[in-house]
Amino acid sequence: MPHDIAAPAGMIGASNFFELAVAVAISLFGTTSPVALATIVGVLVEVPVMLTLVRIANKTRHWFGEEKQYTV
């Protein structure tokens with residue numbers, strides 16, 4: 001799979017669960033719960049982790065197949 005498809009797909013798949021966790025924690029435990037606070041801190045940690053993953057994906061671009069030009 002080419003880099004321009006594989007790298008974003010992996011990151012999007014990994015990050016979708018954080019938003020779901022925040023929504024579930026707030027709806028189950030309320031906005032003043034420590035559980036809701038913990039899930040929000042998790043989302044704040046997500047940003048530097050995702051930036052690190054972008055850097056890793058860009059440095060390993062040569063591991064992926066050739067990128068093809070798609071026309072619409």
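What's counted below: heavy atoms across the whole structure, side chains too, no hydrogens, waters or symmetry copies. Bear in mind that the values here come from a model prediction, so they are computed numbers and not experimental data.
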Under 3.5 Å, side-chain donor or acceptor atoms of residues 48-55 against the rest of the protein: list the pairs with distances, not counting sequence neighbours.
residue : atom : partner : partner atom : Å
T52     : OG1  : P48     : O            : 2.9

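Residue A25 comes nearest to A36 through the heavy atom pair CB-CA, 4.1 Å, listed as atom of the first residue, atom of the second, then distance. In terms of heavy-atom proximity, T39 sits nearest to V22 at O-CG2, 3.7 Å.
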